[in-house]
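Notes follow once the structure below has been shown.
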Amino acid sequence: GVTGAGVIVAVIDSGIRPGFPHLSLDGSVIGCEDFVGDALGCSNFANGGHGTFVAGMISANVNFSFSTASPFRNAVLAECPACFADPPANTQIPMIGTAPLSSIYALRVFAPTGGAPTSRILAAVERVIDLRQRHDAGLPGGVKIEIVNMSLGGSTVFAGRDLFDTVVDMLLTTGIVPVVSAGNAGPSSMTVGSPGTSVNAITVGAASLAHN
């Protein structure tokens, strides 16, 4: 029963690719700012797809329809008959995010080719803090951002104390919960990336085991 209704999540990533129904049908994206400056802007079909994918994992809310002849539909029917939204016809498969009624405020820091300088990511984090502080002070242009998602990071030998970590700590003092990826390395010591190493971040990782 927890749907994220009324909650605004900032997604610092590659911006948004418009027109994807899992986000567009219910107007999930309420704001989008560009920090790259490459003329593509925050919402563009040419942007990297990672930010749209992440936003969907948070706020997707749509039913996709498939014909009874669809191989995908029939595979889902065989493996997960309870996954359909319209039994007994079994032609509609919902795509539901972890907080399907939440709203997304996207901040684009990655160009289509990948990485971003530290200064650009820090500018986006500071913008999130500014938007929340303006809201709390009742100033024009404020946005009540309560969560920020950063599926990004880099290696660090100063876990909990490097620049990214301390800036993420500032998010929590502003009333914003930081959710950060652990990174794509492991399994060994010192493989969690910063700012996932912040003592105040909710850091999310996954396991890819050989037998799976």
* To do: Evaluate side-chain contact (heavy atoms from CB on, under 4.5 Å) for Gln133 paired with His135, printing each intermediate quantity in order.
  => CA-CA 5 Å; Gln133 288 178 333; His135 170 272; over 6 Å; no

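- By the criterion of side-chain heavy atoms lying less than 4.5 angstrom apart, applied directly or through intervening Ile, Leu, Val, Met, Phe, Trp or Tyr residues, Ile12 is grouped together with Val180 in one hydrophobic cluster.
- Taking CD1 of Ile8 as the start and CZ of Arg132 as the end, the distance is 9.5 Å to the nearest 0.5 Å.
- For Thr203 (side chain) and Ala182 (main-chain N/O), no donor-acceptor pair under 3.5 Å exists by modelled atom type.
- In this structure, Pro112 and Ala46 approach most closely via the heavy-atom pair CG-O, 3.4 Å.
- Of all heavy-atom pairs spanning Phe84 and Ile93, the tightest one is CE2-CG1, 3.6 Å.
- Among all heavy-atom pairs drawn from Gly51 and Val11, the shortest one is O-CG1, 4.4 Å.
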Mind listing the side-chain donor-acceptor pairs of residues 52-65 below 3.5 Å, one per line with the distance, residues two or more places apart or on another chain?
residue : atom : partner : partner atom : Å
Thr52   : OG1  : Arg17   : N            : 2.7
Ser59   : OG   : Ser28   : OG           : 3.1
Ser59   : OG   : Ser102  : O            : 2.8

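- When atom types are taken as modelled, the side chain of Ser70 and the backbone of Phe66 share no donor-acceptor pair closer than 3.5 angstrom.
- Using a distance-only test at 3.5 Å, with no hydrogens or angles considered, no donor-acceptor pair links the side chain of Asp86 to the main chain of Ala89.
- Looking only at side-chain heavy atoms (C-beta outward), Val9 and Ile145 stay at 4.5 Å or farther from each other.
- Under a hydrophobic-cluster definition in which Ile, Leu, Val, Met, Phe, Trp and Tyr are linked whenever side-chain heavy atoms come within less than 4.5 Å, directly or via other members, Phe35 and Val167 are assigned to the same cluster.
- Looking only at distances, a side-chain donor or acceptor of Asn74 sits under 3.5 Å from a matching main-chain atom of Thr68.
- Scanning both residues, Gly4 and Ala99, for their nearest heavy atoms gives CA-CB, 4.0 Å.
- A single hydrophobic cluster is not seen to contain both Ile104 and Met95; linkage of ILVMFWY side chains at heavy-atom distances under 4.5 Å, directly or through other members, places them apart.
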* **Test side-chain contact (heavy atoms from CB on, under 4.5 Å) applied to Val148 and Val179, step by step** => CA-CA 6 Å; Val148 61; Val179 182; over 6 Å; no

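- No side-chain heavy atom of Phe164 sits less than 4.5 Å from a side-chain heavy atom of Ser198.
- The CZ atom of Phe110 sits 6.0 Å away from atom CG of Asp13, with the distance rounded to the nearest 0.5 Å.
- When hydrophobic clusters are built by joining Ile, Leu, Val, Met, Phe, Trp and Tyr residues whose side-chain heavy atoms come closer than 4.5 Å, directly or via intermediates, Val128 is not grouped with Val177.
- Under a 3.5 Å cut-off, the side chain of Ser67 and the backbone N or O of Ala69 do form a donor-acceptor pair.
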* Stepwise side-chain contact (heavy atoms from CB on, under 4.5 Å) test for Glu33 and Leu131 -> CA-CA 12 Å; Glu33 297 189 24; Leu131 288 168; 4.0 Å; yes

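- Atom CG of Asn184 has 12 or fewer neighbouring heavy atoms from other residues, nucleotides or ligands inside a 6.0 Å radius.
- Using modelled atom types, one side-chain atom of Arg120 and one backbone atom of Val109 make a donor-acceptor pair closer than 3.5 Å.
- Side-chain contact between Ser181 and Val204: absent, with no pair of heavy atoms (C-beta onward) separated by less than 4.5 Å.
- Judged by distance alone, the side chains of Asp165 and Thr197 do bring a donor and an acceptor atom under 3.5 Å apart.
- For the atom pair CD (Glu126) and OG (Ser119), the distance works out to 10.0 Å, reported to the nearest 0.5 Å.
- In this structure, Ile30 CD1 and Tyr105 OH are separated by 8.0 Å, a value rounded to the nearest 0.5 Å.
- From Ser194, atom OG reaches atom CE of Met150 across 9.0 Å, with rounding to the nearest 0.5 Å.
- Leu107 and Ile16 are assigned to two separate hydrophobic clusters, defined by single-linkage of ILVMFWY side chains at heavy-atom distances under 4.5 Å.
- In terms of heavy atoms, Asp34 sits closest to Val36 at OD1-N, 3.3 Å.
- Judged purely by atom type and a 3.5 angstrom limit, Asn47 uses its side chain to pair as donor or acceptor with the backbone of Cys42.
- Sequence neighbours left out, the pairs with a member in residues 35-60 that pass salt bridge (Lys or Arg N to Asp or Glu O under 4.0 Å) are Asp38-Arg108.
- The heavy-atom pair separating Gly153 from Pro195 by the smallest distance is CA-CD, 4.0 Å.
- Atoms NE2 and CG, on His50 and Leu152 in that order, are 8.5 Å from each other to the nearest 0.5 Å.
- Although no hydrogens or angles enter the test, the distance criterion places no donor-acceptor pair under 3.5 Å between the side chain of Asn200 and the main chain of Leu172.
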